[in-house]
Peer 1: 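I have a structure I would like to understand better, so I am pasting it below and will then ask my questions one at a time.
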Amino acid sequence: MHWQTTRFTIDLSRPRVMGIVNVTPDSFFDGGRHAALAAAVAQCEAQVAAGVDILDIGGESTRPGAVAPSAEEELARVLPAVTAALTLGVPVSVDTSEPLVMRAVLDLGADIINDVRALRRPGALDCLAAHPRAGVCLMHMKGEPDTMNALASYGDVVIEVAAFLEQRLAEVQAAGVAAERVVLDPGIGFAKSAEHNLALLARQSELLALGRPLLVGWSRKGTLGRLTGRPVGGRLVASVAAALAAVARGAAIVRVHDVAATVDALKVWRAAERGFLEEDF
Ligand code: HH2
């Protein structure tokens, strides 16, 4: 399996690490840390040195309760960081739902649009359909970050998330986006309780049955706090364990804050799976 993106065809025969770079004042873990351009670029460079496979730059916090910035504000946050990241030799993803931002970063040459709203804002699908190669991640969420916690109720969460992703995949394909450009994401923590998130992990194989690679983001999220009793800053080990659990159940890409630790863990996991050393991991 592979993921077609603007400049790179990403081979998914081994698990890949997507590094989070939030250029926001208010993200739940790294908010404010990389808001200045120099800090964002340093974070991108550090993640590349640590072995990141994809950089994911975001200008909107989607933590529960967050209020979206204006499109212009979001664009002003991400554009300089994306411009710098595009020189670093790895695929660059932009975490956005906003068509104005999508168009601008795709014009710059960004490789992937990572949309927590799965291209549902008016005009978003057209941006991707108009582009011949850009990759896209379609994520499941109900409502908006400021309303989603009240919407965390399902009959069977795995069946409902799978049905949503299957429908969005069909819709983007019908608009002209080839399936090889698309990966799917269950949206851990987005309108979901800890029980919902854990059901999505335990039964991840039902999402794999949709036929596209899965991207999952457990890094530092609330369910790991529920499981360990630790605050956001103390969830490194839990985050790495969750990433490994997701990969062991077939996830192709893990979206993480802690690139070096996750890359190390995946090296060991993969060596155990294969029974020999690989030079180019
Ligand atoms: N989670 C967050 C943001 N974007 N994108 C995908 N595809 N999957 C996710 O699970 C996901 C995502 C939330 O995490 P973070 O970016 O660290 O925080 P914030 O939204 O507060 O910036």
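Atoms within a ligand are numbered from 1 in the order they appear, just like the ligands themselves. The chain is numbered in sequence order, starting from 1. This structure is a prediction, so every number in the text was calculated from the model and none was measured.
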Peer 1: Any non-hydrogen side-chain atom of Thr223 less than 4.5 Å from a side-chain atom of Leu198?
Peer 2: yes
Peer 1: Side chain, backbone, both or neither: which part of Arg63 comes within less than 4.0 Å of ligand 1 when only heavy atoms are counted?
Peer 2: both
Peer 1: Where is the nearest protein heavy atom to atom 4 (N) of ligand 1: which residue, which atom, and how far?
Peer 2: Asp95 OD2, 2.9 Å
Peer 1: Judged by non-hydrogen atoms, does Arg220 sit under 4.0 Å from ligand 1?
Peer 2: no
Peer 1: Could you list the atoms of ligand 1 found under 4.0 angstrom from a heavy atom of Met139?
Peer 2: 6 (C), 8 (N), 9 (C)
Peer 1: Touching ligand 1 at all, Cys137? Heavy atoms, strictly under 4.0 Å?
Peer 2: yes
Peer 1: Can Glu180 and Arg212 be counted as an ion pair, charged N to O under 4.0 angstrom?
Peer 2: no
Peer 1: Taking atom types as modelled, find out whether His257 and Ser219 have a side-chain donor-acceptor pair closer than 3.5 angstrom.
Peer 2: yes
Peer 1: Is the shortest N/O to N/O distance between Asp30 and ligand 1 below 3.5 Å?
Peer 2: no
Peer 1: Quiz question: by atom type and distance under 3.5 Å, do the side chains of Thr96 and Glu74 form a donor-acceptor pair?
Peer 2: yes
Peer 1: I want to confirm something. Looking only at heavy atoms, which of Ser93, Gly65, Gly189, Ser27 is nearest to atom 19 (P) of ligand 1?
Peer 2: Ser27
Peer 1: Using 4.0 Å as the upper bound for N to carboxylate O, is an ion pair formed by Arg255 and Asp95?
Peer 2: yes
Peer 1: What atoms of ligand 1 come closer than 4.0 angstrom to any heavy atom of Asn22?
Peer 2: 15 (P), 16 (O), 17 (O), 18 (O), 22 (O)
Peer 1: Check this for me: does any side-chain nitrogen of one of Glu98 and Arg103 sit under 4.0 Å from a carboxylate oxygen of the other?
Peer 2: no
Peer 1: I need the nearest protein heavy-atom contact for atom 6 (C) of ligand 1: residue, atom name and distance, please.
Peer 2: Asp185 OD2, 3.1 Å
Peer 1: Salt-bridge test for Arg220 and Asp258: reply yes if a basic N is under 4.0 Å from a carboxylate O, no otherwise.
Peer 2: yes
Peer 1: Pull out every atom of ligand 1 sitting under 4.0 Å from any heavy atom of Val116, numbered as shown with elements.
Peer 2: 4 (N), 5 (N), 12 (C)
Peer 1: Report, in ascending order of atom number, the atoms of ligand 1 lying under 4.0 Å from any heavy atom of Asn114.
Peer 2: 5 (N), 6 (C), 7 (N)
Peer 1: Counting from 1, what ligand 1 atoms have a heavy atom of Gly217 closer than 4.0 Å?
Peer 2: 10 (O)
Peer 1: List the closest protein heavy-atom neighbour of atom 21 (O) of ligand 1: residue, atom name, distance to the nearest 0.1 Å.
Peer 2: Ser61 OG, 2.7 Å
Peer 1: In plain terms, say whether Glu160 and Lys192 are close enough for a salt bridge, that is, a side-chain N and a carboxylate O under 4.0 Å apart.
Peer 2: no
Peer 1: We want to know whether Asn22 and Thr24 form a side-chain donor-acceptor pair, criterion being a heavy-atom distance below 3.5 angstrom.
Peer 2: no
Peer 1: Specify whether His140 and Tyr154 have parallel, tilted or perpendicular ring planes, treating 30° as the upper limit for parallel and 60° as the lower limit for perpendicular.
Peer 2: tilted
Peer 1: Which residue and non-hydrogen atom of the protein lie closest to atom 17 (O) of ligand 1, and at what distance in Å?
Peer 2: His257 NE2, 2.8 Å
Peer 1: Can you tell me if Phe190 contacts ligand 1 (heavy atom of the residue under 4.0 Å from the ligand)?
Peer 2: yes
Peer 1: Does a donor on one side chain sit under 3.5 Å from an acceptor on the other, for Asp56 and Ser93?
Peer 2: yes
Peer 1: Side chains of Val82 and Leu108: closer than 4.5 Å at any heavy-atom pair?
Peer 2: yes
Peer 1: Please list the nearest protein heavy atom to atom 2 (C) of ligand 1 with its residue and the distance rounded to 0.1 Å.
Peer 2: Arg255 NH1, 3.3 Å
Peer 1: Based purely on interatomic distance, does Phe28 place a nitrogen or oxygen under 3.5 Å from a nitrogen or oxygen of ligand 1?
Peer 2: yes
Peer 1: Under 3.5 Å between any N/O of Asp26 and any N/O of ligand 1: does that happen in this structure?
Peer 2: no
Peer 1: Hey, is ligand 1 close enough to Thr24 that some N/O pair sits below 3.5 Å?
Peer 2: no
Peer 1: To check your reading of the model: name the closest protein heavy atom to atom 1 (N) of ligand 1, its residue, and the distance in Å.
Peer 2: Lys221 NZ, 3.1 Å
